[in-house]
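Heavy-atom basis, side chains included; hydrogens, waters and symmetry copies ignored. Convention: sequence-line order gives letters A, B, ...; per-chain numbering from 1.
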Protein chains: 2
Amino acid sequence: MKNRTNIILCSKKAKCSSEIIKRLSLYLRNLKRLEKEGVETISSDKITQFLNASSVQFRKDLSYFGGFGKPGVGYKVKSLLKELENILGVNQEWDIALVGAGRLGGALSRFEGFSRFNLRIVCVFDNDKKVIGKKRGQLLIQDVKDLVKTVERKKIRIAIIATPMEAAQSVCHELTKAGVKGILNFSPLVLKVPNGVCVSNVDMACELESLIYFAKRKR
Amino acid sequence: MKNRTNIILCSKKAKCSSEIIKRLSLYLRNLKRLEKEGVETISSDKITQFLNASSVQFRKDLSYFGGFGKPGVGYKVKSLLKELENILGVNQEWDIALVGAGRLGGALSRFEGFSRFNLRIVCVFDNDKKVIGKKRGQLLIQDVKDLVKTVERKKIRIAIIATPMEAAQSVCHELTKAGVKGILNFSPLVLKVPNGVCVSNVDMACELESLIYFAKRKR
DNA sequence: TAGAGTTTGTGAAAAATAGAACGAATATTA
DNA sequence: TAATATTCGTTCTATTTTTCACAAACTCTA
């Protein structure tokens with residue numbers, strides 16, 4: 001379930017997991033908030049106060065990429081923010097392709113939250129003749145047959161798969177063929193991808209059903 | 001990041017984590033598919049072939065709740081399916097509360113996927129005077145001030161937080177005060193909850209940003 | 001019924017992840 | 001300047017999770 005395969009080289013140590021990267025993203029968001037509030041310096045203790053991560057974890061996560069803090073002082077909010085943006089690569093805009101304009105896809109394409117993180121859904125695909133050609137927000141829903149062509153032309157590297165389980169693998173294949181390097185997979189299927197492609201799985205059904213389980217047995 | 005706090009008693013062993021429960025949900029979905037296809041018996045090897053879990057993990061996960069398989073044979077699809085439905089509690093209807101009627105909240109309340117899991121959004125809350133009193137689908141958007149009262153009265157155990165980050169923790173506090181035991185959290189904040197409450201985080205921005213990181217350095 | 005071939009369930013080992021402890025670096029105060 | 005208080009970065013330790021390995025249970029065939 002957990003993605004133990006996404007192990008890559010960092011600057012100092014041998015490898016770092018995708019869990020660390022996700023936490024970096026979380027830290028980044030909090031730094032942005034702090035910057036807005038005018039905070040200039042922050043300690044690992046303070047910044048993790050509202051996160052579930054410990055201050056040790058924070059320092060350790062950062063240490064994979066270098067020492068950004070000063071003992072006795074903490075971290076400069078602005079410069080750490082820039083460092084994290086660089087590490088994550090979020091200081092540039094990224095275009096995303098969305099495949100699947102069904103219920104979930106619809107919810108996602110209407111969710112403008114992405115733009116806050118420099119992410120922009122620039123095209124939507126489906127295989128259902130009934131929805132192809134219709135508008136989904138600002139975007140025209142395109143035939144999934146044009147996927148490779150469009151994704152190649154727009155040089156899209158990141159895609160979201162929000163199709164039914166059955167279609168997921170073939171869509172995934174098309175996407176990677178077109179040069180996509182990162183896939184956010186909402187289907188419960190485990191996608192087979194060529195080397196160099198990274199898949200992140202979000203399975204809402206699993207999340208919901210696990211909640212039910214816990215809700216059931218507590219009084 | 002990972003939820004190590006949600007440890008609960010199982011039938012046989014001392015404790016089992018929420019990761020296990022999520023995998024059970026995954027297994028359940030695949031069993032349903034197999035049942036549809038007319039498959040009567042399945043081995044742990046075969047069922048995990050297309051999942052992100054090993055056959056050992058499958059057997060061990062199940063073993064927390066009992067031995068459902070037969071050596072030399074495998075598992076009866078139909079009966080294991082029933083067992084899992086029972087364990088997870090998905091064979092009954094569950095009412096859920098949605099907090100946050102903004103963009104994401106709006107998309108979620110329109111997302112009919114929930115009903116597939118016997119989940120029904122029965123009330124929507126917001127703190128914005130401009131939307132309170134308006135309709136969101138079939139439901140009237142209520143003032144978040146009435147949250148505790150309503151959730152208590154309706155005996156709601158599961159809630160979705162789709163508020164901005166700033167409001168998430170206080171909403172979470174109110175929800176748990178009112179008796180909610182499971183929270184699906186769409187805000188990037190990691191929520192602090194009392195013992196016995198389970199939080200599932202869906203942070204798409206986080207997932208996407210980690211993808212960017214990996215996509216960035218592959219050519 | 002005997003023997004070969006599967007497949008389960010689980011204790012033990014390995015790997016991954018998180019947490020504690022502490023020296024070293026910096027700031028502050030008297 | 002010296003003493004004290006912070007806070008980082010890292011090593012060492014503990015915990016959790018996953019994988020390995022194998023006995024026991026079962027089927028099937030002759």
Practice prompt. Report yes or no: does A/Arg157 contribute a side-chain atom to a donor-acceptor pair with the main-chain N or O of A/Val180 at less than 3.5 Å?
Written response: no
Fill in: B/Ala97 to B/Val151 - nearest heavy-atom pair and separation
CB-CG2, 4.3 Å
Item to complete: Can you sort out the partners of A/Asn185 under side chain to side chain donor-acceptor pair (under 3.5 Å), two or more places apart, ordered by chain and number?
Response: A/Ser187, A/Asn201
Item to complete: Please name all residues satisfying side chain to side chain donor-acceptor pair (under 3.5 Å) with B/Asp45, sequence neighbours left out, ordered by chain then number.
Response: B/Ser55
Would you list the protein and nucleotides 26-30 of chain C atom pairs, both N or O, that sit under 3.5 Å from each other?
unit_1, atom_1, unit_2, atom_2, d
C/dT26, O4', A/Pro71, O, 3.3

Worksheet entry | B/Arg59 vs C/dT8: side-chain N/O to OP1/OP2 distance below 4.0 Å | yes
Practice prompt. Let me know the distance between CG of B/Leu62 and P of C/dT10, rounded to the nearest Å.
Written response: 11 Å
Fill in: Rounded interatomic separation in angstrom, taking CD from A/Gln57 and C1' from D/dT11
17 Å
Worksheet entry | Presence of A/Ser54 side-chain N/O under 4.0 Å of C/dG19 phosphate oxygens OP1/OP2 | yes
Response to the item:
Separation of C/dT6 atom C1' from B/Ile47 atom CD1, nearest Å, is 17 Å
Worksheet item: Which nucleotide, C/dG9, D/dT17, C/dT8, lies nearest any side-chain atom of B/Ser43?
Response: C/dT8
Worksheet item: Roughly how many Å is it from CG in B/Leu80 to P in C/dG9, rounded to a whole number?
Response: 10 Å
Worksheet item: With sequence neighbours left out, which residue pairs that include part of residues 163-174 of chain A fulfil the salt bridge (Lys or Arg N to Asp or Glu O under 4.0 Å) condition?
Response: A/Glu174-A/Lys177
Response to the item:
With sequence neighbours left out, the residues meeting side chain to side chain donor-acceptor pair (under 3.5 Å) with B/Arg29 are A/Asp203
Worksheet item: For the helix from C/dT1-D/dA30 to C/dA30-D/dT1, how many degrees between its two end axes (five pairs per end), to the nearest 10°?
Response: 10°
Worksheet item: Which is true for A/Phe58 with a 4.0 Å heavy-atom rule: it touches a base, it touches only sugar-phosphate, or it touches nothing?
Response: nothing
Worksheet entry | Residue pairs involving residues 72-98 of chain A (criterion salt bridge (Lys or Arg N to Asp or Glu O under 4.0 Å); sequence neighbours excluded) | A/Glu93-A/Arg120, A/Asp95-A/Arg120
Worksheet entry | Phosphate contact (C/dG9 OP1 or OP2) by B/Tyr75 side-chain N/O below 4.0 Å | yes
Worksheet item: Mind checking what makes side chain to side chain donor-acceptor pair (under 3.5 Å) contact with B/Thr163, not counting sequence neighbours?
Response: none
Practice prompt. Give the rounded distance in Å between these two atoms: NZ of A/Lys60 and C1' of C/dT17.
Written response: 8 Å
Worksheet item: What residues, two or more places apart in sequence or in another chain, satisfy ring pair (Phe, Tyr, Trp, His ring centres under 6.0 Å) together with B/Phe114?
Response: B/Phe111
Discussion item. Please pick, from C/dA18, D/dT19, C/dA21, the nucleotide with the shortest atom-to-atom distance to any side-chain atom of A/Val56.
Written reply: C/dA21
Worksheet, complete the sentence: From NZ of B/Lys46 across to C1' of C/dT8 the rounded distance in Å is 14 Å
Item to complete: Could you tell me the separation between the OH atom of B/Tyr64 and the C1' atom of C/dG9, rounded to a whole number of Å?
Response: 12 Å
Fill in: Distance, rounded to the nearest Å, where A/Phe65 contributes CZ and D/dC8 contributes P
18 Å
Worksheet item: Would you say the side-chain atoms of A/Trp94 pair up with the backbone N or O of B/Glu209, donor to acceptor, closer than 3.5 Å?
Response: no
Discussion item. Strictly below 4.0 Å: does A/Ser44 bring a side-chain N or O up to OP1 or OP2 of D/dC8?
Written reply: yes
